[in-house]
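Inspection log for the structure reproduced underneath, given as structure tokens.
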Amino acid sequence: MPQERFYITTAIAYPNGAPHIGHGYELIATDAIARFMRLDGRDVFFLTGSDEHGQKMQQTAEREGISARELADRNTARFREMGPALNSSNDDYIRTSEARHYQTVSALWQRMEAAGDIYLDKYAGWYSVRDEAYYDESELTLQPDGKRLAPTGTPVDWVEEESYFFRLSKYQDKLLELYDRQPDFVGPDARRNEIISFVKGGLKDLSISRTTFDWGIPVPGNPKHIMYVWVDALTNYVTATGWPDANHPRAAFWPADAHIIGKDIVRFHAVYWPSFLMSAGLPLPKRVFCHGFLFNKGEKMSKSVGNVIDPFALAKAYGIDAMRYFFLREVPFGQDGSYSPEAIVQRMNADLANDLGNLAQRSLSMVAKNLDGRLPEPGPLTEEDAAMLELADALLDKARTAMADFALHQILAQTWAVIAEANRYFAGNEPWALRKTSPERFGTVLWVTAEVLRQVAIITQPVMPDSCARLLDLLGVPADARSFAAIGGKARIKGGAILPAPSGIFPRYVEPEASAE
RNA sequence: GGCACCGUAGCUCAGCGGUAGAGCAGGGGAAUCAUAAUCCCUUGGUCGGGGGUUCAAAUCCCUCCGGUGCUACCA
């Protein structure tokens with residue numbers, strides 16, 4: 001049976017500055033989904049990258065006295081580094097400034113043009129360079145000095161230029177049909193409803209080229225124009241599969257299974273993108289799923305307030321896995337979330353160090369100290385043992401169900417419910433007493449605990465790859481027995497194996513100041 | 001202005017017609033294998049206000065207040 005393919009993407013970042021925690025969060029979440037699917041047997045292609053063209057990049061570069069490409073190279077390097085810094089397993093990193101992208105975008109444009117969906121006209125209006133957007137007169141506020149400001153507070157200029165347009169209006173009904181036929185095309189539901197009501201409100205044709213700057217992909221046949229942001233940026237998802245080269249090694253990955261994006265760009269992904277693809281005669285991605293925004297102690301992060309969180313610093317301060325766990329456990333995926341140092345320490349200590357780490361440590365050190373490191377073979381299982389194992393076995397199906405909605409937080413909540421039960425099981429059986437009174441029960445309780453830990457560690461790998469790998473090492477689980485095929489009750493941890501000496505995996509976090517002296 | 005969504009224990013949230021729930025935080029106890037980690041018990045809410053439907057409403061309807069999102073408009 002051929003392996004089922006799974007293609008997932010993050011949005012590509014605009015590298016007009018340094019990456020912030022929002023970029024990191026999107027990458028972590030998408031990575032966890034990608035890893036989950038790999039462990040569940042899919043042939044996964046996970047893509048992230050950067051969107052490097054546009055007037056803003058060009059202007060920033062001019063201000064700094066470098067070329068746009070130099071600026072893109074410099075800033076993209078920083079975004080790229082975020083991958084290893086957060087332990088992202090992306091299979092490719094695409095840059096819209098790459099030659100492969102020029103080829104794909106040009107081909108897509110020509111297809112849309114051949115379909116009769118692109119025409120040349122004139123665009124006139126108030127334009128904000130900083131927002132890269134036109135605004136209606138009515139949206140602007142007039143300043144005392146006669147200048148006009150966009151709703152975002154950025155200055156606008158009156159611009160008239162020749163522009164190519166895409167016949168978005170033509171796709172209104174087809175889009176509504178799509179949302180209807182494929183209810184999970186846009187998620188979560190709140191976003192879907194917004195999109196439907198937006199499309200029902202009527203669609204205007206879309207300006208898709210510019211002549212006022214040249215840092216971008218030229219329009220085929222009319223290089224005076226360069227393509228405007230969305231045709232260029234969105235197409236990256238197709239570029240990475242090599243289209244239009246049908247023989248490209250990744251050709252079979254299109255259409256993508258999921259685009260994971262921020263809620264601010266849902267319209268472009270759920271309205272424009274499927275329209276472009278329908279026009280070009282390409283299959284549509286299966287799902288577009290929006291995550292929420294992260295707030296710093298409930299406050300919006302912004303450069304001017306100075307409360308922007310640096311993902312690199314966070315990973316360094318708390319550890320990559322703890323940081324990944326925190327965001328994926330604390331924030332219901334799809335909703336906004338809040339970050340605070342107190343909250344992350346609370347999660348680290350309560351969930352990781354106390355609940356999971358301590359359970360592993362107390363059980364494995366019993367094996368080490370009393371059994372010469374040999375994991376016991378279980379004796380006959382009591383009802384209680386069986387019930388404990390059943391809870392762990394049920395985890396995989398629950399996780400798959402939750403993953404159907406990308407409900408990463410639920411997977412973790414369910415997993416930690418099993419860990420809580422395992423702590424009750426362990427405390428209730430008092431293996432430290434059984435050690436003297438009933439060696440066989442002692443061994444069985446330790447074996448059951450180890451088996452639960454094994455399943456928990458396997459299923460938590462997508463969120464905390466390194467820590468779980470270390471836990472599986474301590475449990476003596478071979479590297480080729482760590483996929484989801486090995487859990488859910490189909491296999492058990494092997495008794496009799498000699499385990500390595502246990503060591504703490506999830507350290508308790510103590511504030512550096514407090515431990516300084 | 002229109003259309004959604006939300007307002008439940010100190011905090012984060014679940015429940016969405018049938019005697020108020022979870023996790024964390026707070027309080028008390030047990031245990032001592034373990035990262036002072038665990039386990040048990042427990043304090044705590046007139047479910048935003050008011051009105052209605054119903055034998056019965058956190059749950060349905062109306063209205064008001066507060067918050068959020070999307071969208072439109074400024075004559």
Side-chain angles (χ1 to χ4, degrees), chain A residues 135-142 151 186 188-204 262-267 270-271 290 292-293 295 297-300 322 326-327 329-340 342-371 402 407 409-410 412-437 441-443 445-446 449-450 453 467 471 474 501-510 515:
Chain A
Y135 291 99
D136 195 82
E137 173 88 44
S138 64
E139 295 178 90
L140 307 175
T141 49
L142 194 60
V186 195
D189 285 347
R191 299 276 97 78
R192 175 173 183 266
N193 296 340
E194 283 173 15
I195 287 296
I196 290 175
S197 86
F198 172 75
V199 173
K200 277 188 176 155
L203 296 173
K204 281 191 221 147
K263 61 182 183 179
D264 52 329
I265 51 176
V266 60
R267 184 189 301 176
V271 180
C290 309
F293 291 154
F295 296 86
K297 293 179 189 167
E299 277 188 49
K300 192 174 169 171
F326 171 76
F327 284 117
R329 173 65 185 84
E330 186 90 357
V331 183
F333 197 59
Q335 293 180 33
D336 290 344
S338 192
Y339 162 84
S340 73
E342 296 77 20
I344 189 169
V345 169
Q346 164 68 36
R347 280 287 174 197
M348 273 182 83
N349 288 345
D351 293 6
L352 300 183
N354 298 354
D355 288 349
L356 176 56
N358 185 243
L359 178 64
Q361 187 66 18
R362 67 199 300 207
S363 55
L364 291 174
S365 67
M366 275 186 191
V367 172
K369 287 179 189 166
N370 303 295
L371 301 167
H409 60 293
Q410 277 182 19
L412 292 171
Q414 286 158 354
T415 304
W416 258 256
V418 171
I419 294 169
E421 189 53 41
N423 269 312
R424 280 188 282 275
Y425 168 86
F426 197 84
N429 279 285
E430 304 187 5
W432 53 92
L434 292 173
R435 176 168 55 111
K436 298 164 196 157
T437 58
R441 275 305 293 158
F442 177 61
V445 168
L446 289 179
T449 303
L453 286 171
S467 307
L471 180 51
L474 294 185
S503 65
I505 293 172
F506 300 104
R508 222 186 138 64
Y509 184 85
V510 183
S515 64

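All chains are named by letter (A, B, ...) in the order of the sequence lines, taking the proteins before the strands, and each is independently numbered beginning at 1.
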Length of the CD-P vector between A/Glu330 and B/A22, whole Å: 19 Å

First of A/Ala360 and A/Asp355 reached from the 5' end of RNA chain B, by closest nucleotide: A/Ala360

Integer-rounded Å distance: B/C70 C1' and A/Ile265 CD1: 16 Å

Nearest-nucleotide pick for A/Glu194, side chain only, options being B/C70, B/A34, B/A4: B/C70

Sugar-phosphate only, base, or nothing, as touched by A/Lys369 at under 4.0 Å among non-hydrogen atoms: sugar-phosphate

Sugar-phosphate only, base, or nothing, as touched by A/Ala190 at under 4.0 Å among non-hydrogen atoms: nothing

Integer-rounded Å distance: B/A37 P and A/Gln361 CD: 14 Å

Sugar-phosphate, base or nothing in reach of A/Arg191, heavy atoms under 4.0 Å: sugar-phosphate

Sugar-phosphate only, base, or nothing, as touched by A/Arg508 at under 4.0 Å among non-hydrogen atoms: base

Ring geometry between A/Tyr339 and A/Phe326 (parallel below 30°, tilted from 30 to 60°, perpendicular above 60°): perpendicular

Sugar-phosphate, base or nothing in reach of A/Gly201, heavy atoms under 4.0 Å: nothing

Touch class at under 4.0 angstrom, heavy-atom based, for A/Ile505 against every strand present: base

Per A/Ser365 side chain, nearest of listed nucleotides B/A4, B/C33, B/C70: B/C33

Test item: A/His409 side-chain N/O and A/Glu330 main-chain N/O as donor-acceptor pair under 3.5 Å: no

Short side-chain to backbone donor-acceptor contact, A/Asn349 and A/Tyr509, under 3.5 Å: yes

Sugar-phosphate only, base, or nothing, as touched by A/Asp336 at under 4.0 Å among non-hydrogen atoms: nothing

Who pairs with B/G69 - Watson-Crick or G-U, where each distance is under 3.5 Å: B/C3

Touch class at under 4.0 angstrom, heavy-atom based, for A/Gln346 against every strand present: sugar-phosphate

Whole-Å gap separating P (B/C13) and CZ (A/Arg347): 11 Å

All side chain to side chain donor-acceptor pair (under 3.5 Å) counterparts of A/Gln361, not counting sequence neighbours: none

